[in-house]
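Naming: A, B, ... by sequence-line order, numbering from 1 per chain. Note that the coordinates shown come from a computational prediction; the quantities given were computed from them, not determined experimentally.
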2 protein chains.
Amino acid sequence: MQISSRFTIAVHIFACIDTFKDNYKITSDFLASSVNVNPVIIRKIVLQLRNAGLVETQRGSGGVTIAKALKDINFLDIYNAVECIEKGKLFHFHENPNCQCPVGRNIHNILDSKLEQVQNALENELKQITLAEIIKETQYYISEENKNKNNAIS
Amino acid sequence: MQISSRFTIAVHIFACIDTFKDNYKITSDFLASSVNVNPVIIRKIVLQLRNAGLVETQRGSGGVTIAKALKDINFLDIYNAVECIEKGKLFHFHENPNCQCPVGRNIHNILDSKLEQVQNALENELKQITLAEIIKETQYYISEENKNKNNAIS
DNA sequence: TCTTATTGTAACCATAAAGGTTACAATAAA
DNA sequence: TTTATTGTAACCTTTATGGTTACAATAAGA
């Protein structure tokens with residue numbers, strides 16, 4: 001299993017919106033061009049982000065905007081928005097362990113809390129990383145490029 | 001995405017082997033009965049565990065045994081054995097971000113270390129949990145059942 | 001040696017998810 | 001009224017999961 005590319009695309013979308021919001025209208029075509037996927041893929045992901053209250057969209061006139069302060073959106077918010085994870089569980093448990101067997105009828109007692117512990121570790125780490133941090137990194141790398149460009153000119 | 005049930009089945013298999021090793025020959029049929037899946041499913045998972053050096057099997061005569069000390073097998077070993085994760089990466093990155101776009105050509109710089117940080121958090125937590133702990137829990141829950149049974153008899 | 005039990009493995013199958021595409025109604029603004 | 005855009009339906013392909021039947025290879029016991 002892998003976390004689907006919807007997650008990295010979603011982060012990419014946020015980076016684009018913030019970087020280009022003053023100079024471009026952020027349409028699904030615009031985003032599709034940067035991410036390099038079909039615009040409908042972008043629209044589906046943007047819809048998931050909108051349903052989670054992370055972005056706002058305008059039908060007809062177009063354009064996507066970020067709905068919250070950058071520091072108030074973290075990777076877990078995005079993960080939960082785009083990753084359709086069954087019952088919120090990271091681990092898929094085999095369905096019908098044999099309750100005639102001492103191990104089979106106790107396997108949930110034995111495992112459930114451990115699996116929860118692992119899932120919490122993942123979620124806590126996702127929670128630590130906010131869009132504020134990502135946008136700062138984005139600005140840094142773009143400004144470094146511009147520095148190099150200016151050096152080449154001068 | 002979810003971590004596949006191969007993982008919980010694999011842990012279940014280890015719990016069974018240790019619990020019943022003195023009183024039963026641990027065949028794929030025996031394990032299949034406790035887990036409640038087709039014996040071939042068990043054999044495929046046991047093969048993955050064998051390829052990872054975690055168990056030993058005997059063709060013909062049959063039987064599965066644990067290949068290492070219980071404290072030397074952790075959840076990450078089992079996870080890596082049964083979860084065929086592409087290039088070892090937890091996150092699937094969109095393939096071809098547009099290098100004409102400042103965000104597109106920097107998105108890996110921006111994201112890669114963050115994704116690695118999250119994957120490390122997951123793997124470290126998996127590493128903390130050993131089979132020794134799981135077997136201890138298994139014995140505890142089974143002994144509790146036996147206590148209750150004895151109480152009912154007396 | 002023959003029989004039996006068991007593993008390893010191939011060859012299928014069904015279902016679901018991911019990722020993608022075309023098409024178009026609904027909408028908003030110029 | 002026209003145009004641009006979103007939301008959405010209806011498809012498609014590919015891959016992974018989980019499952020099944022069948023059988024050759026193997027090891028041990030009768």
Side-chain angles (χ1 to χ4, degrees), chain A residues 1-10 12-13 17 24-33 35-52 55-65 67 79 81-87 89-97, chain B residues 1-10 12-13 17 24-33 35-52 55-65 67 79 81-87 89-97:
Chain A
M1 74 100 196
Q2 270 187 318
I3 292 169
S4 89
S5 63
R6 288 195 301 276
F7 179 81
T8 56
I9 292 177
H12 188 141
I13 286 172
I17 298 176
Y24 297 88
K25 180 162 70 167
I26 313 296
T27 66
S28 59
D29 268 45
F30 179 88
L31 292 168
S33 159
V35 175
N36 205 12
V37 294
N38 190 288
V40 178
I41 304 284
I42 299 290
R43 281 181 228 152
K44 284 176 182 170
I45 294 172
V46 166
L47 271 177
Q48 293 182 296
L49 297 175
R50 198 197 60 174
N51 290 337
V55 301
E56 282 162 1
T57 55
Q58 285 73 40
R59 189 173 198 156
S61 56
V64 190
T65 53
Y79 173 84
V82 300
E83 206 67 24
C84 354
I85 187 165
E86 204 187 346
K87 299 173 206 151
K89 297 281 186 189
L90 178 59
F91 290 90
H92 183 194
F93 216 110
H94 48 293
E95 301 292 341
N96 297 303
Chain B
M1 74 98 197
Q2 271 188 318
I3 292 170
S4 89
S5 63
R6 288 195 301 275
F7 179 80
T8 56
I9 292 176
H12 188 142
I13 286 172
I17 298 174
Y24 297 88
K25 181 162 69 167
I26 313 297
T27 66
S28 58
D29 269 44
F30 180 88
L31 292 167
S33 159
V35 175
N36 205 12
V37 293
N38 190 290
V40 179
I41 302 286
I42 299 289
R43 280 182 228 150
K44 285 176 181 171
I45 293 171
V46 165
L47 272 177
Q48 293 182 296
L49 297 175
R50 199 197 58 175
N51 290 337
V55 301
E56 281 162 1
T57 56
Q58 284 74 40
R59 189 174 196 155
S61 57
V64 190
T65 52
Y79 173 84
V82 301
E83 206 67 24
C84 355
I85 188 167
E86 204 188 347
K87 300 173 206 150
K89 297 280 184 189
L90 178 59
F91 291 89
H92 182 194
F93 216 110
H94 50 293
E95 301 292 341
N96 297 303

Would you mind reading off the distance between [X] atom [atom1] and [N] atom [atom2], rounded to a whole angstrom?
{"X": "B:I41", "N": "D:dG19", "atom1": "CD1", "atom2": "P", "answer": "5 Å"}
{"X": "A:N38", "N": "C:dT21", "atom1": "CG", "atom2": "P", "answer": "5 Å"}
{"X": "A:I45", "N": "C:dA17", "atom1": "CD1", "atom2": "P", "answer": "17 Å"}
{"X": "A:E83", "N": "C:dA17", "atom1": "CD", "atom2": "C1'", "answer": "11 Å"}
{"X": "B:N51", "N": "C:dT9", "atom1": "CG", "atom2": "P", "answer": "8 Å"}
{"X": "B:I3", "N": "D:dA16", "atom1": "CD1", "atom2": "C1'", "answer": "15 Å"}
{"X": "B:R50", "N": "C:dT6", "atom1": "CZ", "atom2": "P", "answer": "18 Å"}
{"X": "A:Y24", "N": "D:dT5", "atom1": "OH", "atom2": "P", "answer": "14 Å"}

Handout entry: Closest-nucleotide ordering on DNA chain D, the 5'-leading residue of A:K44 and A:S61
Key =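 Counting from the 5' end, the first nearest nucleotide belongs to A:S61.
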
Fill in the blank from the handout: Whichever of A:H92 and A:G62 has the more 5' nearest nucleotide on DNA chain D, that residue is A:G62

With respect to the phosphate group of [N], does any side-chain polar atom (N or O) of [X] fall under 4.0 Å of OP1 or OP2?
{"X": "B:S5", "N": "D:dG18", "value": "yes"}
{"X": "A:T57", "N": "D:dG7", "value": "yes"}
{"X": "A:S28", "N": "D:dT6", "value": "yes"}

Nearest to side-chain heavy atoms of [X], which nucleotide of [options]:
{"X": "B:R59", "options": "C:dA25, D:dA24, D:dT8", "value": "D:dA24"}
{"X": "A:R6", "options": "C:dG19, D:dT8, C:dG8", "value": "C:dG19"}
{"X": "A:V37", "options": "D:dG19, D:dG7, C:dG20", "value": "C:dG20"}

Practice task
Please lay out, stage by stage, how A:Q48 and A:C84 fare under the test side-chain contact (heavy atoms from CB on, under 4.5 Å).
Solution key: CA-CA 10 Å; A:Q48 293 182 296; A:C84 354; 4.3 Å; yes

Exercise for the section: Look up atom CG in A:N38 and atom CZ in A:R43, then write down how far apart they are to the nearest 0.5 Å. Expected result: 7.5 Å

Exercise for the section: Give, for atom CG of A:D29 and atom CD1 of A:I42, the distance between the pair rounded to the nearest 0.5 Å. Expected result: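 That separation rounds to 9.5 Å.
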
Exercise for the section: Can you label the angle between the A:Y79 ring and the A:F7 ring as parallel, tilted or perpendicular, going by 30° and 60°? Expected result: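 Plane angle over 60°, so perpendicular.
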
For a quick check of understanding: with a heavy-atom distance under 4.0 Å over all strands, which category does [X] fall into, base, sugar-phosphate or nothing?
{"X": "B:V40", "answer": "base"}
{"X": "A:K25", "answer": "sugar-phosphate"}
{"X": "A:G60", "answer": "base"}

Fill in the blank from the handout: By side-chain contact (heavy atoms from CB on, under 4.5 Å), A:S5 pairs with (sequence neighbours left out) A:T8, A:I9, B:H92, B:H94

Problem - B:G63 vs A:I9, nearer the 5' end of DNA chain C by closest nucleotide - result: B:G63

